[in-house]
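This structure is a prediction, so every number in the text was calculated from the model and none was measured. Each chain gets a letter, A, B and so on, in the order its sequence line appears, and its residues count up from 1.
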Amino acid sequence: MTDKSAEQSRDFYRQDVKVGVYVCHCGGNISDIIDVEDVARDLSDYPGVSVSRNYIFMCSSTGQGLVEEDIRTKGINRVVIAACSPALHELTFRGTLERAGLNPYLYEHVNIREQGSWVHKSNKKAATEKSKKLIRAAVEKICRQNPLEAIRVNAARSIAVIGGGVAGMSAALSLGRQGFNVYLIEKENRLGGKLNSLWKAYPSEEDGEKTLEELEKDISSLNNINIYLESEVKKIDGYVGNFSVEIVKKGSPEKIKVGALVITTGYVHYIPFEGEYAYKTTKKVVTLPDFIEMLKDDEKNGSLKNVKSVAFIHCVGSRQNPSLDKPQKDEKVNDYCSRTCCTSALFRIKQLLEKYPDKKIFDFYRDIRTYGLQHESYYEELSKKGVLFFRYPEDTRPQVEVKGDKLEVKSKDILTWNEEVSVEVDMVVLLTGVMPADISVIVDDLKLPIGSDRFILEAHPKLRPVEVPNLGIYIGGTAQAPMDLLEAAYGGKAAASKASMLLSKGEISLDPFVASVNPELCDGCEKCIGECLYPGAIVMENGKAKVIPALCKGCGACAAVCHTRAINVAGYSLEQIDAMVEAISKE
Amino acid sequence: MGEIKSDKILIITTISNSYPGADAVGQSHLEYDPDTYIIRLPDPVLLPEDFYLKAYSKGIAGIIVMSSGSDCPYEGAYERLAQRVQKIYDKMKENGISISRLKLTTICTVCKAAFLKEIKGMRENIEKLKAVKDAS
Ligand SMILES: Cc1cc2nc3c(=O)[nH]c(=O)nc-3n(C[C@H](O)[C@H](O)[C@H](O)COP(=O)(O)OP(=O)(O)OC[C@H]3O[C@@H](n4cnc5c(N)ncnc54)[C@H](O)[C@@H]3O)c2cc1C
Ligand code: SF4
Ligand code: SF4
């Protein structure tokens, strides 16, 4: 008996296992640093490995063909690919296994590019040895992997869109046009959210009212969109495909069943504290939304005619510093940028000067952040029109004082080497920022992740945009982060398209990486239930723990406390992880 | 607890944050210590206390747990993990393992400098422990 077969016969796992190991050159990205031939040679002797190859581009159709061929002709039943990051090609290779008739989860990916050749350029030998250890660990893991099946749940072809601003309306319209049954839930008595108060909005200068009327007309032409005005969500439970939403509509309760949720609850304006920049001590200090209302009113009544001079102060309620600014109820200041206030204010100054070119305008900013195509042109245009810009330092705040019927604004100005400047004006406009709407009922019921800025946290900006980790829940518009109208509309549509992809078949297939219990090992101690972060995900049945796959998020908190190791997350069992560490530790 | 002979550092990462963070370091071609081994998990909260002790007994010299912190997609998981790490520190002390061999930190998808700093810090800790041993 050879050493290898002796070891194999002692090893329960490897009795039926034939692992194929494939080491990619990635052109020269990997092979210029890591000796891929040596790595593949080393692995060919490793217990459980039947085939070990290296190839120039594993992701190419020829590279994938090698794997398929080995599965079909050599009986390979576990696959390890050592290549670039799994973020790029995990799905590619799952598809390869599936095409060759093998369960797609019997594959493990090892990252020897982003976490190998690209970070150990000056130590080729160490990079090569490290790759061998990581691949051995992957072999150990995949040897202990059972085939996994995607979890299938029936799904209602209806969707609740919560929040009827531009994001929610865009989402509802897109879903309605695809034939889904949509419930559009809005707490106010009209749809549109902030669109109701933007009047002529940048960049198109189109009246928000007109845009809103068009959206309303399109929505009401579809009888599969059910509009719930003056309605609030009281409770949500269930899981992907089967959510139950309790709504109170104009005082009367109602329950709806939906397959997915789109959350577009938007933002609220920051309200300055009394005395902050003299706010509320005089009517002459107003917020930016107030000023937009005044401009609108001025169009008809000329109400701003007698205001000769105006000072604008940026970043009020945004980009705050705990040592300078007063916190909100949760003891946190708003340290993020509200993104749209700079552009919005410059655009409104432009509107004001177009009607009243002689007005004196002073703009106190920290940074001018006019993100968006050609929005910087508002700043350039205003500079030419004589608007005076002052840049106040990060660690100070401009001071506003009432002086008779005038207001005095004092500040340091970085542009003149921290000189103290002072201006007297008739009105001060505070560029108040935005904060997410209070949706604590929804957040608590659905256990939504919230970022340090209190906005809903996206699962991953590049890999899973507009999603949260909880399946079947999508986010759009300013519930997620400050953004402009167009972005909010696109966000709503993106959320709608993810929801429609999910529900289009009437049945959902879920990733199998959730917890499951081995009933033979479970003694019913219920520790896992106490540790689980998601209520209802683990239940007791006949004295044994049982996981409800659609409610389990696969975090594994339960696995860590199970004294018999009965509960594990598929694909990440403790036994697999221990075996990986064992392989890494060996010299 | 036997003497830890190797220099290996185990890095526990999360699928959503610190693993992409490690990828970001690679995409920027920033170099770091090669005797480091990254393991990708949904969340380190799934590892029980005995996992860590076993890893040291197998010869792992240092463990960096790179959690997702406040960006964690599993609400409440970080708090559980932080509590567990406190208990592991106690057990490490009981077993005569220096607690400087375990570091809990948070790494996001773009925390490149922090990622490198943590590895450097753990390597320094391991070297210091070796120096004390050599001197004694
Ligand atoms: C001062 C200012 C000026 C701006 N000017 C411009 C501009 O000129 N051009 C531009 O492109 N962008 C501008 N913006 C940005 C623009 O306002 C937003 O991008 C857009 O309105 C966001 O739409 P939304 O649907 O995400 O949120 P919202 O408009 O806030 O809509 C959210 C809706 O959800 C509802 N809701 C909240 N909670 C619940 C609940 N629990 N149940 C049911 N319903 C709920 C709300 O009542 C609201 O109707 C400006 C922003 C600010 C702060
Ligand atoms: S957009 Fe401008 S005013 Fe608003 S918070 Fe950002 S930098 Fe400040
Ligand atoms: S912790 Fe383990 S043994 Fe206890 S009920 Fe849960 S699965 Fe069963």
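A salt bridge does not link B:Asp43 with A:Lys553: none of the charged nitrogens is closer than 4.0 Å to a carboxylate oxygen.
For A:Glu90, the part sitting under 4.5 Å from any heavy atom of chain B is the side chain, from C-beta outward, and nothing else. If you measure heavy-atom distances from A:Lys141 to chain B, you find no contacts under 4.5 Å at all. Of the atoms belonging to A:Ser117, not a single heavy atom falls under 4.5 Å from chain B. For A:Leu574, the part lying under 4.5 angstrom from a heavy atom of chain B is the side chain only. Within the 4.5 angstrom heavy-atom criterion, no atom of A:Phe513 approaches chain B. For chain A, the nearby parts of B:Ile38 are the backbone and the side chain; heavy atoms of each come within less than 4.5 Å. With a threshold of 4.5 angstrom between heavy atoms, A:Glu129 does not approach chain B through any atom at all. Of the two parts of B:Asp50, only the side chain, counted from C-beta on, holds a non-hydrogen atom closer than 4.5 Å to a non-hydrogen atom of chain A.
Closest approach of A:Tyr534 to B:Tyr74, counting heavy atoms only: OH-CA, 3.2 Å. Taking all atoms of both residues into account, the shortest heavy-atom contact from B:Pro42 to A:Gly554 is CB-O, 3.3 Å. Contact detail for B:Pro34 and A:Asn123: the closest heavy-atom pair is CG-ND2, 3.9 Å.
Put simply, the side chain of B:Tyr32 reaches to within 4.5 Å of the side chain of A:Gln115, judged on heavy atoms. Considering only heavy atoms from C-beta on, A:Val581 stays 4.5 Å or farther from B:Lys54 through its side chain. The shortest side-chain heavy-atom distance between A:Val561 and B:Arg84 falls under the 4.5 Å cut-off. Within the 4.5 Å cutoff, no side-chain heavy atoms of A:Asn111 are placed close to those of B:Arg40.
Of the listed residues (B:Ala22, B:Gly76, B:Pro48), the greatest number of heavy-atom pairs within a distance under 4.5 Å of chain A belongs to B:Pro48.
Side chain of A:His120 to main chain of B:Glu31: no donor-acceptor pair is present (N/O by atom type, distance under 3.5 Å, no hydrogens or angles). Put simply, the side chain of A:Lys130 never gets that close to the backbone of B:Tyr37: no donor and acceptor are under 3.5 Å apart.
A:Tyr107 pairs by the side chain to side chain donor-acceptor pair (under 3.5 Å) definition with A:His109, not counting sequence neighbours.
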